[in-house]
2 protein chains.
Amino acid sequence: MELEEAKQKFIQAWGTFGSNWGINRTMAQVHALLLISSEPLCADDIMATLKISRGNANMNIRALIDWGLVYKELKPGERREYFIGEKDMWKVVRQIIVHRKKKELEPVLKILEELKDIEGKEEENEEFVKVIKDIQLFSEKADRVLDKFIRSDSSWLMNAFLKMI
Amino acid sequence: MELEEAKQKFIQAWGTFGSNWGINRTMAQVHALLLISSEPLCADDIMATLKISRGNANMNIRALIDWGLVYKELKPGERREYFIGEKDMWKVVRQIIVHRKKKELEPVLKILEELKDIEGKEEENEEFVKVIKDIQLFSEKADRVLDKFIRSDSSWLMNAFLKMI
DNA sequence: TTCTTTTTTCAAAAAAAAATGAAACCTCAT
DNA sequence: ATGAGGTTTCATTTTTTTTTGAAAAAAGAA
């Protein structure tokens, strides 16, 4: 297999993977491209490689910068912006978790908390109460583990993995 | 807050949560409904409560049965099918992990393995090789942890949580 | 300031995903 | 075999998400 072919394959795979995880396919592809590129790339490079429009490229680059997965790099004497991907995988995973936790787990915790208000009143409806409590139990544990993860470095993570297995 | 209102809110929240996780909103809502219902429900009950069509209800009920999150229940002397949700939360989470791991993690592992073939050849392209290796390292660990999780019972999981925090 | 280059925005178009509903299909009781 | 009551399928429609592209805005350079 050619190196270029392999890179292409990786970009496609990462795109598919991303879209399975609620991350827009193009955003994941831009991320993959910057991840495996040793040189900083500009918007036109990304547009050309992924065959996407300028608007699309811009949107997704911004999103990646928001997520802390890509940095802007200014070359002295050059007007256009270049971008580099965060290469530290542990950091990448951490950042993804920070964002997804905020967007997806925290609202659930909030709603579960609200739903507790009713529970007390009606003893009749055990099924409902039990489900809410179980989900809350689980998601609060997940919340804590993720927080720990977010604050930790890769050696902690390695240790945690080892302990679990 | 009324009990019915609370249930409705839970169903909506679970739907939103699901769609953030790559699970179709309606499927998550059907799941939520069956989770908090103490009685088995038939297709018409589900259609009426969620205001969805017969086809849609059928599709999503089947998908939930596939995922092992819902069971068919036949009432003696009754022709129509009733459905009950799996109420054991640990089991629910386990089943979800089994399915998503198969669909989403395993293909990535497979592709990473394929991409290793090229790596050896070209020492020049360190960036690419390193990224692939790092992702592989991480995803293999995740794979093992999830396998362990899938085979374990809730007490193991609790322990693992405690050890990590 | 004015011209040039680059980035950003956003309404409209396209694509993808999900839902509908009616016909086809089962399955059982008669 | 027939029909009633239920389930499944799937072409079509609707909704949602993503992408485009051109105009507007910004950011120097002269």
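All figures in this text were calculated on a predicted structure; none of them were measured in a lab. Every chain is numbered from 1, with letters handed out A, B, ... down the list of sequences.
For the pair A:Lys51 NZ and D:dT18 C1', the computed distance is 19 Å after rounding to whole Å. Rounded to whole Å, the distance from CD1 on B:Ile61 to C1' on D:dT9 is 15 Å. With rounding to whole Å, B:Asp44 atom CG is found 13 Å from D:dT8 atom P. Atoms CG (B:Asn56) and P (D:dT15) sit 13 Å apart, rounded to a whole Å. Rounded to a whole Å, the CZ atom of A:Arg54 is 15 Å from the P atom of D:dA23. Between A:Asp66 atom CG and C:dT8 atom C1' there is a gap of 14 Å when expressed in whole angstrom units. Distance CG (A:Asn60) to P (C:dT8): 13 Å, rounded to an integer number of Å.
Proximity of B:Glu104 to A:Thr16: side-chain heavy atoms (C-beta onward) are nowhere separated by under 4.5 Å.
DNA chain D is contacted by no residue of residues 18-29 of chain B, taking any non-hydrogen atom closer than 4.0 Å.
A:Trp14 and A:Phe17 have tilted rings, their planes meeting at an angle from 30° to 60° on a 0 to 90° scale.
Ion pairing between a basic and an acidic side chain is recognised when a charged N comes within 4.0 Å of a carboxylate O; A:Glu2 and A:Lys7 show no such pairing. In this structure, A:Lys9 does not pair ionically with A:Glu5, as no charged nitrogen and carboxylate oxygen lie closer than 4.0 Å. Contact check on B:Asp66 versus B:Arg62 returns no salt bridge, with no Lys/Arg side-chain nitrogen under 4.0 Å from an Asp/Glu carboxylate oxygen. Classification of B:Asp44 and B:Arg54 as a salt-bridged pair holds, one side-chain N sitting under 4.0 Å from a carboxylate O. Taking the charged nitrogens against the carboxylate oxygens, B:Lys101 and B:Asp147 do have a contact shorter than 4.0 Å, which makes a salt bridge.
In the set D:dG21, C:dC28, C:dT20, the nucleotide with an atom closest to the side chain of B:Arg79 is C:dC28. Across C:dT7, D:dT7, C:dT20, the shortest atom-to-atom separation from the side chain of B:Arg80 is found for D:dT7. You'll find that the side chain of B:Ser53 is closest to C:dA19, out of C:dT8, C:dA19, D:dT7. With distances taken from any side-chain atom of A:Arg62 to the nucleotides D:dA29, C:dA19, C:dT7, the minimum falls on C:dT7.
With DNA chain C read from its 5' end, the first of the two nearest nucleotides for A:Met59 and A:Glu78 is the one closest to A:Glu78. If A:Ile52 and B:Ala43 are placed on DNA chain D by their nearest nucleotide, the residue sitting closer to the 5' end is B:Ala43.
Phosphate proximity of D:dT8 to B:Asn58: present, with a side-chain N or O under 4.0 Å from OP1 or OP2.
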